[in-house]
Amino acid sequence: MEIRRLSYFVRIAEDGSLTRAAGMVRVAQSALSRQMRLLEEELGVPLFERTARGMRLTSDGERLHASVAAPLRELELAIQGIRSGPSRGAAHLALGLPPSIADLIGRSLALQLRSAFPEICFRLVEGPTGGLGDWLGRGMIDFAVLEEVSRNDLLIEQKLLSLPFMLVGPPGIEAPSGSSVGIEEALALPLIIPSHHLGIRAAINDAAQRSGLNLDVQMEADSTRLIKELVQSDIGYALLPERYVFEAVAAGQLRGWRLSGAAPVLDILFSSRKASRNAGRQFVSVVEFITHAIEGALAMTDSS
């Protein structure tokens with residue numbers, strides 16, 4: 001079985017479209033379709049359902065993709081790491097970011113990466129921590145910034161920093177009074193919080209459990225941007241990492257209070273597959289650059 005044919009299969013599976021995949025791998029659509037028919041004949045099972053909306057994996061296709069995507073990516077990275085000189089070719093690397101962090105530093109990080117590594121084509125992917133960890137393990141992205149430990153034995157994770165939470169409310173609110181508020185008082189307020197039980201929600205749930213409190217949830221929203229907009233609309237308060245709301249508080253769009261007591265923190269981690277760390281000096285250099293850039297960008301106003 002040709003490795004190239006499997007690579008085409010992974011590309012089609014992730015794009016969901018023969019046309020898009022053909023453009024990405026620069027192969028004629030008819031030739032790509034023929035390669036997939038040959039792969040299906042070789043395996044003796046259909047891998048795709050051809051629909052009007054594109055190519056959808058069958059159950060056998062799902063199993064094959066889960067098995068081969070990550071090893072193929074490691075092979076590609078290993079070859080990129082060994083090649084040198086004029087024949088090196090353009091490397092492609094994909095970085096996953098949670099939307100909250102992408103909003104804060106995505107543009108500046110992209111510009112820094114382009115300047116530091118002009119020979120690499122980077123793809124920035126947004127997704128929730130749970131999804132990013134899954135995509136990383138399956139070889140769909142090469143590294144990711146996570147807001148919680150993934151608990152995946154295939155991944156290696158480095159804690160970058162811990163972000164303290166703060167309470168935010170609408171700009172014209174009178175209470176709570178003062179510049180800080182106790183964590184128990186904050187948890188008792190009507191809150192807008194994420195619905196998925198990872199990252200920010202997990203930290204809030206843990207703080208509530210330690211305090212023996214039941215949360216008064218006014219609304220759930222998984223976008224930090226939307227949570228801030230809902231707080232501005234006076235629907236409730238929010239507990240968010242201070243770094244995520246610092247600019248809005250400084251601009252008077254939100255009112256913010258530091259938290260006292262056993263306040264929650266959000267751990268930010270950088271994750272990649274263990275096997276990828278053997279991909280060569282270039283991959284290691286990119287990892288070191290990204291981790292330092294993210295640490296600097298997120299810690300910049302941490303003590304303000």
Side-chain angles (χ1 to χ4, degrees), residues 1-83 87-97 99 102 106 110 113-114 117-128 130-144 152 154-155 271-273 275-276 279-280 282-283 286:
M1 185 179 297
E2 292 186 17
I3 291 176
R4 180 184 58 177
R5 192 171 293 161
L6 287 174
S7 298
Y8 290 162
F9 161 76
V10 170
R11 182 79 260 176
I12 297 169
E14 294 178 359
D15 286 340
S17 164
L18 199 62
T19 303
R20 285 197 295 270
M24 291 297 295
V25 299
R26 299 182 181 180
V27 172
Q29 185 172 332
S30 58
L32 204 57
S33 179
R34 180 174 179 274
Q35 290 295 321
M36 288 307 97
R37 285 197 301 271
L38 291 173
L39 181 59
E40 289 176 323
E41 290 172 6
E42 189 171 0
L43 294 173
V45 295
L47 300 173
F48 293 99
E49 294 177 8
R50 279 77 170 172
T51 72
R53 305 183 72 175
M55 305 280 282
R56 185 170 59 194
L57 286 172
T58 64
S59 57
D60 288 313
E62 290 278 6
R63 284 196 292 272
L64 180 62
H65 181 263
S67 299
V68 304
L72 283 173
R73 186 58 183 146
E74 301 307 336
L75 177 60
E76 182 181 344
L77 290 173
I79 292 172
Q80 288 177 1
I82 292 173
R83 279 179 176 163
S87 64
R88 184 182 189 93
H92 294 77
L93 294 173
L95 168 65
L97 297 170
L113 288 171
R114 184 180 181 185
F117 302 98
E119 75 283 5
I120 299 177
C121 179
F122 286 94
R123 179 165 59 96
L124 302 186
V125 180
E126 284 191 30
L132 292 174
D134 178 58
W135 299 341
L136 184 57
R138 291 165 59 188
M140 298 172 68
I141 56 178
D142 299 300
F143 21 63
N152 185 332
L154 298 176
L155 306 182
S271 182
S272 62
R273 290 182 301 280
S276 296
Q282 185 184 50
F283 188 90
V286 171

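If you're wondering where the values come from, they're calculated on a predicted model, not measured in any experiment.
Rounded to the nearest 0.5 angstrom, Tyr8 OH and Met36 CE are separated by 8.5 Å. For the atom pair CD1 (Ile141) and CZ (Arg73), the distance works out to 11.0 Å, reported to the nearest 0.5 Å. Distance check, rounded to the nearest 0.5 Å: CD of Gln35 to CZ of Arg4 gives 5.5 Å. Atom CG of residue Leu95 and atom CG of residue Leu97 lie 4.5 Å apart, to the nearest 0.5 angstrom. For the atom pair Arg138 CZ and Leu154 CG, the distance stands at 13.0 Å (nearest 0.5 Å). Taking CG of Leu47 as the start and CD of Glu42 as the end, the distance is 10.5 Å to the nearest 0.5 Å.
In this structure a side-chain-to-backbone donor-acceptor pair under 3.5 Å is present from Arg273 to Leu136.
Contact between Asp15 and Ala21 at its shortest, heavy atoms only, is OD2-CA, 3.5 Å. Here the shortest heavy-atom pairing between Met140 and Ala94 reads O-CB, 4.4 Å. Here the shortest heavy-atom pairing between Val125 and Leu132 reads O-CD2, 4.2 Å. The heavy-atom pair separating Leu72 from Ser7 by the smallest distance is CD1-N, 3.9 Å. Of all non-hydrogen atoms in Leu64 and Leu43, the two that sit nearest each other are CD2-CD1, 3.8 Å. Across Ala22 and Ala28, no two heavy atoms sit closer than the pair CB-C, 4.4 Å.
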Requested in this report: Start with the C-alpha gap between Leu18 and Phe48, add the side-chain angles, then the distance that decides, and say whether side chain to side chain contact (heavy atoms under 4.5 Å, CB included) holds.
Outcome: CA-CA 11 Å; Leu18 199 62; Phe48 293 99; over 6 Å; no
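Glu62 pairs by the side-chain contact (heavy atoms from CB on, under 4.5 Å) definition with Leu57, not counting sequence neighbours. Scanning for salt bridge (charged side-chain N to carboxylate O under 4.0 Å, His left out) contacts around Glu49 gives Arg56, with sequence neighbours left out. For Phe143, the ring pair (Phe, Tyr, Trp, His ring centres under 6.0 Å) partners two or more places apart in sequence, or in a different chain, are Phe270, Phe283.
A heavy-atom distance below 4.5 Å is found between the side chains of Leu32 and Ile12.
Comment: Arg50 engages Glu40 in a salt bridge, judged by a side-chain N to carboxylate O separation of less than 4.0 angstrom.
Side-chain N/O atoms of Arg34 and Ser30 include no donor and acceptor closer than 3.5 Å.
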